[in-house]
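Take a look at the structure below.
Just so we're clear, the structure is a prediction, and the values are computed from it rather than from any experiment. Just so it is clear, the values below take in all heavy atoms, side chains as well, and ignore hydrogens, waters and symmetry mates. Order of the sequence lines fixes the chain letters, A, B, ..., with proteins taken first and strands second; residue numbering starts at 1 for each chain.
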Number of protein chains: 2
Amino acid sequence: MNTKPKTIAIDGIDKKILRVLTEDARTPILEIARNVGISGAAIHQRLKKLEKSKLLSGSKFVINPKVLGYSTMAFVGVYLDKAANTDDVVKALRRFPEVLECHFTTGNYNLFIKLLSIDNEHLMHLLNKNIQSIEGVLRTESLISLDQQIDRQILV
Amino acid sequence: MNTKPKTIAIDGIDKKILRVLTEDARTPILEIARNVGISGAAIHQRLKKLEKSKLLSGSKFVINPKVLGYSTMAFVGVYLDKAANTDDVVKALRRFPEVLECHFTTGNYNLFIKLLSIDNEHLMHLLNKNIQSIEGVLRTESLISLDQQIDRQILV
DNA sequence: ATTGAAAGTGATATACT
DNA sequence: AGTATATCACTTTCAAT
């Protein structure tokens, strides 16, 4: 099975389109067209090409967790016991909406997760009650983010 | 200074709007209107309310790093020497587009970053040449993500 | 690849309930 | 908060280059 993605030729106009749309996904195509100086139909076709190549994999409105009261972000290394079924652990983690990312990683941890909590008390509850009680989880190690200085996508 | 965000009342219709738009930021308002059974103007007004409350903080097209050849994601803990100017280190890190996130963290590390690389060789170069040579950086500890199983936003 | 035009659809403001 | 309506803007397709 060939899982290697198609390489795709991206020129300066594609880059402009991508940079505008990664900043604001609802920017009208015609506005981009006026800015780069080619027709709306051309931008439209380029967008289709970029979507077909999978370089653009969709668009999302961004929710600000702070407004929902989530003020604490943490990274948690998870140790599993040897007999643990990793897929089941991930499935269990997925049930907690606070878990935003979950990675299989090299190194000491089996899993590495990024999560949000309301406050430190909520974080403690998530770790000690929710996550620790998942079958197969031995222990966790946490790193609390006091402030996030960089948050972005890869540049094109 | 009051930095606490305004609390905002969110009902079922708002949730539907948010869930649709966090999946696809370009979903037409009128399509959402047809689905929830109220007028487009009403959805439009609710959207304005959600944006004004900062619960919605924008929208982004999502770039698939794999298509650009970035196959490795890593988390890196950074130790700084006591005299280091943290802001300058962050500024230096920002110059490397591969650095997607940078956090001040509790615990042993001073900074914790998430980054993308083309392959392991590129990662080594980023760590040993680029990041290690930033003034104030003592050493780094890395965790490589072999596979990301969960990647999502907080649910409303 | 890009264009211009045409047809369909969506966004937005306003006045009213 | 919601609707109805009107106007303007945007999207999408297509034949032509």
Side-chain angles (χ1 to χ4, degrees), chain A residues 4-69 153-156, chain B residues 4-69 153-156:
Chain A
K4 197 200 275 185
K6 278 232 182 54
T7 45
I8 176 180
I10 306 270
D11 65 11
I13 295 178
D14 291 321
K15 285 188 186 174
K16 276 196 181 173
I17 298 171
L18 290 166
R19 287 190 183 164
V20 172
L21 289 176
T22 50
E23 286 302 309
D24 179 358
R26 285 186 89 101
T27 311
I29 290 176
L30 283 174
E31 191 180 313
I32 304 172
R34 287 189 291 269
N35 280 326
V36 307
I38 64 175
S39 72
I43 302 284
H44 185 260
Q45 281 181 213
R46 280 167 176 270
L47 245 185
K48 291 292 168 215
K49 177 195 73 180
L50 293 168
E51 280 168 349
K52 204 179 160 201
S53 77
K54 302 281 169 61
L55 175 55
L56 281 177
S57 61
S59 63
K60 299 190 191 310
F61 255 88
V62 181
I63 286 175
N64 180 357
K66 292 210 169 98
V67 178
L68 293 171
Q153 295 189 66
I154 196 77
L155 269 185
V156 279
Chain B
K4 196 200 273 186
K6 277 232 183 55
T7 46
I8 174 180
I10 306 271
D11 66 11
I13 294 178
D14 290 322
K15 285 189 186 175
K16 275 196 182 175
I17 297 171
L18 290 166
R19 288 190 183 162
V20 171
L21 289 176
T22 49
E23 285 301 310
D24 178 359
R26 285 186 89 100
T27 311
I29 290 175
L30 286 173
E31 190 180 314
I32 304 172
R34 286 188 292 267
N35 281 326
V36 308
I38 63 176
S39 73
I43 302 283
H44 185 258
Q45 282 172 212
R46 279 168 177 269
L47 247 183
K48 290 293 168 214
K49 177 195 72 182
L50 292 168
E51 281 169 351
K52 202 178 161 203
S53 78
K54 302 281 169 63
L55 176 55
L56 281 178
S57 61
S59 63
K60 299 190 190 309
F61 255 88
V62 182
I63 286 176
N64 179 355
K66 293 208 168 100
V67 177
L68 293 172
Q153 293 190 67
I154 197 79
L155 269 184
V156 278

Seminar exercise, completed: Expected string for nucleotides 10-17 of chain D under the B/S/- scheme (protein heavy atoms, under 4.0 Å, primed atoms plus P, OP1, OP2 as sugar-phosphate) is BBSB----
Seminar exercise, completed: Exactly one candidate in A:His44, A:Lys52, A:Gln45 meets side-chain contact (heavy atoms from CB on, under 4.5 Å) with A:Lys48; the answer is A:His44
For this session: Verify the neighbour count for atom NZ of B:Lys49: are there more than 12 heavy atoms of other residues, nucleotides or ligands below 6.0 Å?
Result: yes
Problem set entry | Under 3.5 Å donor-acceptor, A:Ser53 side chain and A:Leu50 backbone | yes
For this session: Measure from CD1 on B:Ile43 to P on D:dA1 and round the result to the nearest Å.
Result: 13 Å
For this session: Let me know the distance between CD1 of A:Ile10 and P of C:dA1, rounded to the nearest Å.
Result: 12 Å
Exercise. Does atom NZ of A:Lys54 have more than 12 heavy-atom neighbours, drawn from other residues, nucleotides or ligands, at distances under 6.0 Å?
Worked result: no
Exercise. Which heavy-atom pair separates B:Ser59 from A:Ala25 by the least distance, and what is that distance?
Worked result: OG-N, 3.0 Å
For this session: Report yes or no: does A:Arg26 contribute a side-chain atom to a donor-acceptor pair with the main-chain N or O of B:Gly58 at less than 3.5 Å?
Result: no
Exercise. How close or far is atom P of D:dA1 from atom NZ of B:Lys52, stated in whole angstroms?
Worked result: 12 Å
Problem set entry | A:Asp11 CG to C:dA1 C1', straight-line distance once rounded to whole Å | 10 Å
